[in-house]
A.B. asks: 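Handing you a structure now.
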Amino acid sequence: MALPLLSIFLFSSLTLFSLTESKLNVDYYNKTCPQFEKIIQQIVVDKQLAAPTTAAGALRLFFHDCMVGGCDASLLISSNSFSQAERDTDINLSLPGDAYDVVTRAKTALELQCPGIVSCADILAVATRDLITMVGGPFYTIRLGRKDSFESYAKDVEGHIARPNMTMDTIINMFASKNLNVQEMVALMGAHTIGFSHCSEFSKRLFKFSQTSEFDPTMNPTYVQALRTLCGNNTKDMAAFNDVMTPGKFDNMYFINLQKGLGLLASDQAMIYDQRTKPFVELYAKDQDAFFKAFTHAMEKVSVYQVKIGKMGEVRRRCDVVNQLQVNPNKKIGS
């Protein structure tokens with residue numbers, strides 16, 4: 001009996017994904033660039049010590065890149081006169097320069113050591129892992145061999161990265177479309193244990209929230225007052241740490257905060273009230289090891305999402321420009 005067309009499509013897609021994923025391995029650069037991980041580690045240490053928010057920035061950069069078309073460093077490509085790239089869409093404009101800079105520094109060092117060998121996508125994946133570990137987070141294995149994308153378009157971003165005002169249904173469905181279940185989603189949201197958010201992302205929770213409440217009633221009132229002081233001056237878009245208690249440490253405090261009404265973003269705080277996410281929030285709040293184990297699994301899974309290998313991509317000489325444009329600056333991205 002013939003398989004239905006949809007079943008054939010799904011089977012083919014899963015088979016292609018499995019074959020692509022299987023081409024990656026931890027020893028990919030052992031012969032071609034044996035100093036690869038040592039060079040990245042040194043760059044990461046120097047950068048994190050000089051700019052302590054680098055770890056959180058790189059984690060956001062990595063996740064925003066992978067969620068849109070896979071882990072292919074498309075987010076690192078700069079816009080040109082012909083095309084607006086992913087990095088210039090509104091949700092990516094707040095990605096910190098230090099995150100881009102640590103990748104650029106690593107790429108420059110690696111091009112001197114082994115030119116044309118290491119992809120920007122692999123650099124971003126490993127640098128992110130090393131930075132997470134440096135601020136107290138878990139170590140996890142990164143399989144290597146990703147290629148960099150040939151293109152990057154701002155129009156491709158919307159609907160792939162969660163926004164603070166989205167409903168839990170929308171966010172869960174968004175993660176599900178990337179083959180990430182609810183538990184994996186909650187673990188990945190725990191990345192907000194480091195980093196910060198701008199007032200524009202949560203100020204609606206602080207002022208004239210509804211006709212019956214001046215502020216979001218799910219928030220701790222003392223926390224609200226502190227944030228109102230910070231965000232009251234509308235002339236500047238100030239920022240607050242996502243984790244008010246241990247902002248520079250990768251730990252499970254983020255989940256403990258949610259139980260106390262100290263979630264900064266509406267989408268964060270909502271997880272303690274939704275019955276699908278609440279059990280995992282409670283588990284990770286009381287068991288950091290369980291959080292680290294789940295986070296490690298989820299990050300390993302994200303890191304191989306829709307990766308490109310072989311002729312599906314390239315090894316860029318510069319992370320912000322596809323190789324075609326370095327030869328012909330007048331050529332449109334992706335053409």
A.B. asks: Any donor-acceptor pair under 3.5 Å linking the side-chain atoms of Tyr28 with those of Asp122?
C.D. replies: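 No donor-acceptor contact under 3.5 Å links the two side chains.
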A.B. asks: Does any part of the side chain of Ile172, heavy atoms only, come nearer than 4.5 Å to the side chain of Val182, both counted from C-beta?
C.D. replies: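 SC-SC contact between Val182 and Ile172 confirmed.
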A.B. asks: Whether the Ser78 and Arg87 side chains hold a donor-acceptor pair (N or O, under 3.5 Å, no angle test) is what I'd like checked.
C.D. replies: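 Their side chains do contain a donor-acceptor pair, which is all the 3.5 Å distance test asks for.
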A.B. asks: Looking at every non-hydrogen atom in both residues, tell me the closest pair between Ala239 and Leu230 and how far apart they are.
C.D. replies: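 Minimum heavy-atom contact is O-CD2, 3.4 Å.
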A.B. asks: Flag yes if Val304 and Leu59 sit in one hydrophobic cluster, no otherwise; membership is Ile, Leu, Val, Met, Phe, Trp, Tyr, and two members link when side-chain heavy atoms are under 4.5 Å apart.
C.D. replies: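 No; tracing contacts between hydrophobic side chains, which count when under 4.5 Å, never links both residues.
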A.B. asks: Indicate the atoms forming the closest heavy-atom contact of Asp237 with Cys199, along with that distance.
C.D. replies: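 Smallest heavy-atom distance, with atoms named: OD1-N, 3.1 Å.
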A.B. asks: Determine whether the aromatic ring centres of residues Phe295 and Phe250 are separated by less than 6.0 angstrom.
C.D. replies: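 Aromatic pair counts; centres sit under 6.0 Å.
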A.B. asks: Just wondering, do Asp72 and Arg146 contact through their side chains at under 4.5 Å, heavy atoms?
C.D. replies: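 Contact flag for Arg146/Asp72 side chains = no.
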A.B. asks: Look at Asp27 together with Arg143 and state whether they make a salt bridge at an N to O cut-off of under 4.0 Å.
C.D. replies: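 Judged by the 4.0 Å cut-off on N to carboxylate O distance, Asp27 and Arg143 do not form a salt bridge.
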A.B. asks: Is it the case that over 12 heavy atoms from other parts of the model lie below 6.0 angstrom from the CZ atom of Phe241?
C.D. replies: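 No, CZ of Phe241 has 12 or fewer neighbouring heavy atoms, counting only those of other groups under 6.0 Å.
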A.B. asks: Could you check whether any side-chain heavy atom of Phe62 comes within less than 4.5 Å of a side-chain heavy atom of Met299, counting everything from C-beta outward?
C.D. replies: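 Yes, at least one pair of side-chain atoms sits under 4.5 Å.
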A.B. asks: Quiz question: by atom type and distance under 3.5 Å, do the side chains of Thr54 and Asp98 form a donor-acceptor pair?
C.D. replies: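 Thr54 vs Asp98: no donor-acceptor pair found between side chains.
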A.B. asks: Less than 6.0 angstrom from the centroid, inside 45 degrees of the normal: does Lys178 satisfy that with respect to the ring of Phe175?
C.D. replies: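 Lys178 over Phe175 ring: no.
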A.B. asks: Is there a side-chain contact between Leu61 and Thr128 in this structure, where contact means two heavy atoms from C-beta onward sitting under 4.5 Å apart?
C.D. replies: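 With C-beta onward as the side chain, the pair stays apart.
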A.B. asks: Any chain of hydrophobic side-chain contacts (each under 4.5 Å) joining Val135 to Phe63?
C.D. replies: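 Linked within one cluster.
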A.B. asks: Look only at the side chain of Arg318 and the backbone of Asn323, and say whether a donor-acceptor pair between them is shorter than 3.5 Å.
C.D. replies: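 Answer holds: no.
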A.B. asks: If you measure from the Lys or Arg side-chain nitrogens to the Asp or Glu carboxylate oxygens, is any gap between Arg129 and Glu300 under 4.0 Å?
C.D. replies: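 The answer is no: the pair does not qualify as a salt bridge.
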A.B. asks: So if you build clusters from Ile, Leu, Val, Met, Phe, Trp, Tyr with side-chain heavy-atom gaps below 4.5 Å, do Ile39 and Val103 land together?
C.D. replies: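 Yes, because Ile39 and Val103 connect within a single hydrophobic cluster, where side-chain heavy atoms sit under 4.5 Å apart.
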A.B. asks: For the atom pair OG1 (Thr104) and CD1 (Ile43), what is the distance rounded to the nearest 0.5 Å?
C.D. replies: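 Reported value, rounded in 0.5 Å steps: 10.5 Å.
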A.B. asks: Taking NZ, NE, NH1 and NH2 as the nitrogens, is one of them in Lys47 or Asp101 under 4.0 Å from a carboxylate oxygen of the other?
C.D. replies: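 Between Asp101 and Lys47 there is a salt bridge, with a charged N closer than 4.0 Å to a carboxylate O.
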A.B. asks: Tell me, with the steps shown, if Arg316 and Ser119 meet side-chain hydrogen bond (donor to acceptor under 3.5 Å, both in side chains).
C.D. replies: CA-CA 6 Å; Arg316 286 187 218 131; Ser119 70; over 6 Å; no
A.B. asks: Are Val186 and Met67 in one and the same hydrophobic cluster, where Ile, Leu, Val, Met, Phe, Trp and Tyr link if side-chain heavy atoms are under 4.5 Å apart?
C.D. replies: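 Shared cluster, yes.
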A.B. asks: Over all heavy atoms of both residues, which pair between Ile77 and Val322 is shortest? Give the atoms and the distance, please.
C.D. replies: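 What the structure gives for the nearest pair is CD1-CG1, 3.6 Å.
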A.B. asks: For residues Thr170 and Thr167, is any side-chain donor paired with an opposing acceptor at under 3.5 Å?
C.D. replies: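 Present: a donor and an acceptor within the cut-off.
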A.B. asks: Find the distance between CD (Glu314) and NZ (Lys147) and round it off to the nearest 0.5 Å.
C.D. replies: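 So the CD of Glu314 and the NZ of Lys147 are separated by 9.5 Å.
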A.B. asks: Could you tell me if the side chain of Lys301 sits less than 4.5 Å from the side chain of Asn179, heavy atoms only?
C.D. replies: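 Yes, side chains in contact.
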A.B. asks: For Phe207 and Phe215, I'd like to know if the aromatic rings sit close, meaning centre-to-centre distance below 6.0 Å.
C.D. replies: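 No: the rings miss the under 6.0 Å criterion.
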A.B. asks: Among Asn242, Thr193, Asp268, Asp243, exactly one meets side-chain hydrogen bond (donor to acceptor under 3.5 Å, both in side chains) together with Tyr254. Which residue is that?
C.D. replies: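 When Asn242, Thr193, Asp268, Asp243 are each tested with Tyr254, the side-chain hydrogen bond (donor to acceptor under 3.5 Å, both in side chains) holds only for Asp268.
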A.B. asks: Between Thr89 and Asn92, is the side-chain contact (heavy atoms from CB on, under 4.5 Å) condition met? List the steps.
C.D. replies: CA-CA 6 Å; Thr89 194; Asn92 287 330; 3.5 Å; yes
A.B. asks: For the atom pair OH (Tyr305) and SG (Cys71), what is the distance rounded to the nearest 0.5 Å?
C.D. replies: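 Between atom OH of Tyr305 and atom SG of Cys71 there are 9.5 Å.
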A.B. asks: Can Val244 be reached from Tyr284 by stepping across I, L, V, M, F, W or Y side chains whose heavy atoms are under 4.5 Å apart?
C.D. replies: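 No: no chain of side-chain contacts under 4.5 Å links Tyr284 to Val244.
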A.B. asks: Hey, mind stepping through Arg228 and Ser203 against side-chain hydrogen bond (donor to acceptor under 3.5 Å, both in side chains) and telling me if it holds?
C.D. replies: CA-CA 8 Å; Arg228 279 180 167 180; Ser203 60; over 6 Å; no
A.B. asks: Have Ser74 and Glu86 got a donor and an acceptor in their side chains that come within less than 3.5 Å?
C.D. replies: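 A pair is found: one side chain offers a donor N or O, the other an acceptor, under 3.5 Å apart.
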A.B. asks: Do Arg163 and Glu158 sit within salt-bridge range, that is, some charged N less than 4.0 Å from a carboxylate O?
C.D. replies: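 So Arg163 pairs with Glu158 through a salt bridge.
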A.B. asks: Enter the distance from Ser267:OG to Ile171:CD1 here, rounded to the nearest 0.5 Å.
C.D. replies: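 Between Ser267 OG and Ile171 CD1, I get 4.5 Å after rounding to 0.5 Å.
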A.B. asks: Would Glu214 and Lys208 count as a salt bridge (Lys or Arg N to Asp or Glu O under 4.0 Å) if you check the C-alpha gap in whole Å, the side-chain angles of each, and the deciding distance to 0.1 Å?
C.D. replies: CA-CA 4 Å; Glu214 276 293 306; Lys208 298 179 181 178; over 6 Å; no
A.B. asks: Grab the two heavy atoms, one from Ala106 and one from Ile40, that are nearest each other, plus how far apart they are.
C.D. replies: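 What the structure gives for the nearest pair is CB-CG1, 4.4 Å.
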A.B. asks: Output the distance between atom CD (Gln225) and atom CG (Asn220), rounded to the nearest 0.5 Å.
C.D. replies: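 Spacing of CD (Gln225) from CG (Asn220) equals 10.5 Å.
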A.B. asks: Can you give me the closest heavy-atom contact between Gly145 and Ile309, atom names plus distance?
C.D. replies: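 Closest approach of Gly145 to Ile309: O-CG2, 4.0 Å.
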A.B. asks: Report the residues that fulfil side chain to side chain contact (heavy atoms under 4.5 Å, CB included) with Asp274, sequence neighbours left out, ordered by chain and then residue number.
C.D. replies: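 Scan of Asp274 (side chain to side chain contact (heavy atoms under 4.5 Å, CB included), adjacent residues dropped) gives Met168, Arg276, Thr277.
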A.B. asks: Run the salt-bridge test on Glu111 and Lys107 with the 4.0 Å N-O cut-off and return the result as yes or no.
C.D. replies: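 Yes, this pair counts.
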